[in-house]
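Report on the following structure.
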2 protein chains.
Amino acid sequence: MEDKIFREFLEKKGLKFTKERAAVLKEVFSNHNHFDPDDLYVKMKGQGMKVSKASVYRTLPLLLECGLVEQVERFDKHAHYEHTFGHGHHDHLICIKCGKVIPLFSEKLEKLQESLCKQEKFRCLTHILEIKGYCSKCEEKGQGGKQKRPGV
Amino acid sequence: MEDKIFREFLEKKGLKFTKERAAVLKEVFSNHNHFDPDDLYVKMKGQGMKVSKASVYRTLPLLLECGLVEQVERFDKHAHYEHTFGHGHHDHLICIKCGKVIPLFSEKLEKLQESLCKQEKFRCLTHILEIKGYCSKCEEKGQGGKQKRPGV
DNA sequence: TTGTAATTGAGAATCAATCTCAATAGAGGA
DNA sequence: TCCTCTATTGAGATTGATTCTCAATTACAA
């Protein structure tokens with residue numbers, strides 16, 4: 001199914017559905033975890049697939065553009081992605097103590113954002129919302145001591 | 001005023017209020033624009049101030065931590081910041097055509113986020129919301145042609 | 001003033017992401 | 001099927017923001 005979406009997107013742009021692009025797509029959809037480009041590359045290599053790092057880096061923006069993946073967790077140094085087909089857009093709560101990422105979706109929140117954009121005559125395409133704080137477990141334990149990642 | 005906040009924050013952490021840190025703070029608050037660490041460094045150098053790039057990069061996370069600056073626009077390759085004291089937290093609408101950044105604040109939106117966090121028993125400290133799309137001007141003109149920054 | 005731990009600066013190091021360019025492979029037409 | 005025209009690929013070099021290193025310096029308390 002993702003295949004079809006990607007294929008049509010590429011065709012519309014006059015680009016080709018190559019085996020490398022297909023392989024990246026397949027890997028991205030092979031599970032529901034977040035990933036970063038390098039992880040993905042290493043995993044593909046580990047499975048004996050034939051791709052270069054450059055191809056991975058070149059394919060991900062295409063998947064972004066056609067909405068099959070979204071970027072998350074941009075507070076970190078490098079890009080993180082997750083695929084969206086099959087579970088749709090959602091936001092994230094990120095615990096700055098243990099690093100846990102909790103997905104969050106609220107119809108009300110989405111609607112409110114839309115209406116705010118409308119007020120500004122802004123045509124919204126995508127958005128990213130990341131809320132940083134302490135998850136219930138870390139909050140219980142207290143958050144004494146130095147943080148591992150100051151500034152986050 | 002920012003001075004006092006920063007000073008007390010440093011003291012609480014057992015850190016020193018040095019002239020380099022003071023200089024970075026002053027420069028950050030010298031106007032209301034967004035900036036990136038390197039810009040800031042160059043500007044300070046241009047004014048004959050005595051700081052190293054390393055100090056700038058070391059000071060910004062401290063300012064982040066005490067809430068005097070926030071990160072914005074993390075879709076780009078490098079970090080962007082803005083100071084928050086004096087105008088408080090707000091979100092951003094970012095035009096993917098012309099790059100314009102429109103600040104947005106909605107009490108309702110903030111409240112809704114808080115209540116969602118409460119539902120998840122998550123203690124929210126900060127958040128970042130960036131909405132990407134077309135501003136009214138670019139929307140008028142139509143958005144034909146290839147994008148300069150595909151994938152954004 | 002002295003002791004001492006924090007801080008600084010200059011440049012090296014890191015490392016994700018991008019670029020280069022010759023070789024290769026789709027897709028449509030003959 | 002073969003041909004041609006582009007788009008694409010891979011390997012490695014390059015870029016560039018950010019972080020690290022470490023000797024010299026500085027702030028602060030006694």
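Keep in mind the model is a prediction, meaning the values are calculated, not measured. Throughout, a chain's letter reflects where its sequence line sits, starting with A, and its residues are numbered from 1.
Place A:K16 and B:V56 on DNA chain C by their nearest nucleotides, and B:V56 ends up nearer the 5' end.
If you take CG of A:L10 and C1' of C:dG26, they are 12 Å apart, rounded to a whole angstrom. Here D:dT8 presents its C1' atom at 12 Å from CZ of A:F6, a figure rounded to the nearest Å. Atom CZ in A:F17 sits about 12 Å away from atom P in C:dG26, given to the nearest Å. Rounded to whole Å, the distance from CZ on B:R58 to C1' on C:dA6 is 11 Å. If you take NZ of B:K45 and P of C:dT8, they are 13 Å apart, rounded to a whole angstrom. Rounded to whole Å, atom P of C:dA17 lies 14 Å from atom OH of A:Y41. One atom, NZ of A:K12, and another, C1' of D:dA7, lie 19 Å apart when rounded to the nearest Å. B:E11 has its CD atom 11 Å from the C1' atom of D:dC28, to the nearest Å.
Checked by distance alone, B:K53 brings no side-chain donor or acceptor within 3.5 Å of a matching partner on the base of D:dT18.
For the pair A:Y57 and C:dA17, the criterion of a side-chain N or O lying under 4.0 Å from OP1 or OP2 is met. A close approach under 4.0 Å does occur between a side-chain nitrogen or oxygen of A:K19 and OP1 or OP2 of C:dG26. In terms of phosphate contacts, B:T18 brings a side-chain nitrogen or oxygen within less than 4.0 Å of OP1 or OP2 of C:dT8. Phosphate proximity of C:dG9 to B:S55: present, with a side-chain N or O under 4.0 Å from OP1 or OP2.
Taking the ring centre of B:F17 as origin, the terminal cationic atom of B:R7 falls inside the region bounded by 6.0 Å and 45° from the ring axis.
Residues A:K4 and A:E8 are paired through a salt bridge, judged by an N-O separation under 4.0 Å between the basic side chain and the carboxylate.
Using a 4.0 Å heavy-atom distance criterion, B:R21 is classed as a sugar-phosphate-only contact.
Side chains of A:H90 and A:E82: a donor-acceptor N/O pair is present below 3.5 angstrom, by distance only. Looking only at atom types and distance, the side chain of B:Q113 has a donor-acceptor partner in the side chain of B:H127 under 3.5 Å away.
Distance from the side chain of B:L15 is smallest to C:dA6 among C:dA10, C:dA6, D:dG10. Here the side chain of B:A54 is nearest to one of C:dT8, D:dG10, C:dG11, namely C:dG11.
Within the 6.0 Å centre-distance limit, the rings of B:H34 and B:H92 are counted as a close aromatic pair.
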